[in-house]
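In what follows, a single structure is set out as structure tokens and then discussed.
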Amino acid sequence: MTLNPRLAPFGTTIFAEMSALAVELGAVNLGQGFPDSDGPAEVLDAAVDAIRSGVNQYPPGPGMPVLRAAIAEHQRRFYGVDYDVDTEVLVTAGATEAIAGAMLGLLQPDDEVIVFEPMYDSYQACIALAGARAVPVTLRPPDYRPDVDRVRSLISPRTRAILVNSPHNPTGMLMNEAEQGAIAAIAAENDLIIISDEVYEHLVFDGLAHRSMAEYPGARERTLVISSGGKTFRTTGWKIGWVCGPAHLVAAARAAKQFLTYVNGAPFQPAIARGLGLSDEYFRGVAEELSARRDQLVPALRSVGFDVYPTQSTYFVTVDATPVAAGVDGREFCVRMAREAGVVAIPNVVFYSDENKGEGRSLVRFAFCKRPEVIAQACDRLQGWKP
Ligand code: PMP
Ligand code: GLN
């Protein structure tokens with residue numbers, strides 16, 4: 001066995017696997033969450049201008065000052081939380097590296113991290129790479145509300161952190177203030193770190209709004225807030241992410257980050273800074289457009305026969321495929337749907353811990369961050385399919 005045993009359980013990420021299948025089959029890709037149209041012209045132009053004006057060498061280790069200032073201003077503007085630009089903000093290679101940096105910088109072998117599952121696939125892998133252990137709290141359909149009493153019951157002397165992801169991938173669940181407040185209180189009572197993945201912060205529908213975990217009493221000084229420009233500005237390939245938090249936690253993430261990538265994406269940093277300064281209207285518009293795409297896809301999924309769970313945020317909607325194909329295994333179902341219907345989605349089973357894979361067996365995630373004509377094509381194909 002050549003591979004580090006800590007990584008062996010995780011195989012190839014499902015996103016690479018399903019996107020490759022979509023390309024091979026010429027299928028409509030509602031799997032991996034990436035938009036199929038470009039973000040705002042101001043942001044794209046700012047990157048081009050940066051390249052043309054020589055912003056092409058290593059940026060400073062913590063990130064370019066213009067971006068760190070824009071991130072701090074964004075946190076103040078939307079959440080009323082202040083961060084010191086020099087010590088409390090760190091630019092990373094996407095939220096993915098922020099998560100890895102936080103885990104590798106903060107966790108010790110045998111530490112426990114409470115995570116809500118289903119969960120974004122890099123969480124488990126990064127916790128395992130750090131030699132720590134993920135302790136799952138399962139979110140259950142149809143609403144996927146977090147059971148905070150369950151969180152409390154799982155705290156042990158080894159618990160070091162709670163990893164929160166709201167707006168939540170893959171379910172689109174948005175935690176409410178009571179739930180976030182309760183989690184903040186549990187963390188404070190037990191002196192735990194909160195790692196809060198807020199990458200879908202602006203993609204929230206139905207008049208709801210995301211609150212940052214750092215806003216709650218006792219949370220500011222123990223929370224690393226993670227986000228990225230990828231979702232908000234439709235620039236997932238730029239990989240500009242960030243971490244905000246108290247200096248000692250940010251320093252730990254930076255200590256790991258400096259040996260992962262050191263720095264990244266010089267010309268994209270001022271461009272994302274430009275995006276973060278766009279008007280409220282821009283941020284509202286992104287959510288409005290996406291919620292219209294959700295409202296286009298969801299009725300079609302229902303008409304095919306799927307049991308569709310409500311989604312209030314993100315790029316995603318989760319369905320149960322059982323009514324369409326009884327006793328189905330989500331992985332096999334997704335491969336069959338790709339081959340027979342020409343539509344790719346993601347089997348949610350990959351987002352569960354080994355011990356709870358059964359919970360996600362028949363569930364499938366569709367992404368609606370696509371152009372209306374692409375969603376319409378997927379709907380036509382699914383409605384014409386006899387599974
Ligand atoms: N967290 C969640 C919940 C995600 O869905 C994603 C997907 N991109 C990431 C983190 C990673 O973000 P980035 O592309 O900025 O690395
Ligand atoms: N976050 C996106 C998703 O959940 C894609 C992430 C990735 O490809 N690693 O689909």
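We count residues from 1, following the sequence as given. Order of appearance sets the numbers: ligands from 1, and atoms from 1 within every ligand. Note that the structure is predicted; figures quoted are calculated from it, not measured.
Not close to ligand 2: Met18, with no non-hydrogen atom less than 4.0 angstrom away. The shortest heavy-atom distance from Thr13 to ligand 2 is not under 4.0 Å. Distances from ligand 2 to the non-hydrogen atoms of Phe316 include at least one value under 4.0 Å.
Between Arg365 and ligand 2, an N or O atom pair is found at a separation short of 3.5 Å. Considering backbone and side-chain atoms alike, Lys231 places an N or O below 3.5 Å from some N or O of ligand 1. Between Gly31 and ligand 2, no pair of N/O atoms sits closer than 3.5 Å. Close N/O approach between Gly94 and ligand 1 is not found [any backbone or side-chain N/O within under 3.5 Å].
Nearest protein heavy-atom neighbour of atom 6 (C) of ligand 1: Tyr120 CZ, 3.5 Å. The shortest contact between atom 6 (C) of ligand 2 and any protein heavy atom is with Tyr120 OH, 3.3 Å. If you check which protein heavy atom lies closest to atom 7 (C) of ligand 2, you get Phe15 CD1, 3.5 Å. Counting only heavy atoms of the protein, atom 11 (C) of ligand 1 lies nearest to Thr96 OG1, 3.2 Å. Summary of contacts: the protein heavy atom closest to atom 14 (O) of ligand 1 is Lys239 NZ, 3.3 Å.
Contact annotation: for Asp197 versus ligand 1, heavy atoms closer than 4.0 Å belong to the side chain alone. Neither the backbone nor the side chain of Trp238 has any atom closer than 4.0 Å to an atom of ligand 1 (non-hydrogen atoms only). Only the side chain of Asn165 comes within contact range of ligand 1, with a heavy atom under 4.0 Å; no backbone atom does.
Near Tyr200, meaning under 4.0 Å from one of its heavy atoms, ligand 1 places the atoms 3 (C), 4 (C), 5 (O), 7 (C). Contact atoms of ligand 1 toward Ala95: 10 (C), 11 (C), 12 (O), 13 (P), 15 (O), 16 (O) (distance under 4.0 Å to a heavy atom of the residue). Under a 4.0 Å criterion applied to the non-hydrogen atoms of Asn169, ligand 1 contributes the atoms 3 (C), 4 (C), 5 (O). Within the listing of ligand 2, atoms 1 (N) sit less than 4.0 angstrom from a heavy atom of Tyr200. Each of the atoms 15 (O) of ligand 1 lies under 4.0 Å from some heavy atom of Ser228. Each of the following atoms of ligand 1 lies closer than 4.0 Å to a heavy atom of Tyr123: 3 (C).
Ring centers of Phe78 and Phe283: under 6.0 Å apart, within the cut-off. Ring to ring, Tyr200 and Tyr315 are close: their centroids are under 6.0 angstrom apart. Ring-centre distance between Tyr144 and Phe116: not below the 6.0 Å cut-off. Aromatic rings of Phe306 and Trp385 (six-membered ring for Trp) have centroids beyond the 6.0 Å cut-off, not under it.
If you take CZ on Arg145 and OG1 on Thr171, they are separated by 8.5 Å, rounding to the nearest 0.5 Å. Atom CZ in Arg211 sits 11.5 Å away from atom OG in Ser166 (nearest 0.5 Å).
The cationic group of Arg365 lies under 6.0 Å from the six-membered ring centre of Phe316 and within 45° of the ring axis, placing it in a cation-pi geometry.
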Step by step, would you call Tyr79 with Glu201 a side chain to side chain donor-acceptor pair (under 3.5 Å)?
CA-CA 11 Å; Tyr79 310 118; Glu201 58 190 322; 2.7 Å; yes
For a salt bridge (charged side-chain N to carboxylate O under 4.0 Å, His left out) check, start with the C-alpha distance between Asp149 and Arg152, then their side-chain angles and the critical distance, and finish with the verdict.
CA-CA 5 Å; Asp149 292 330; Arg152 198 173 271 111; 3.5 Å; yes
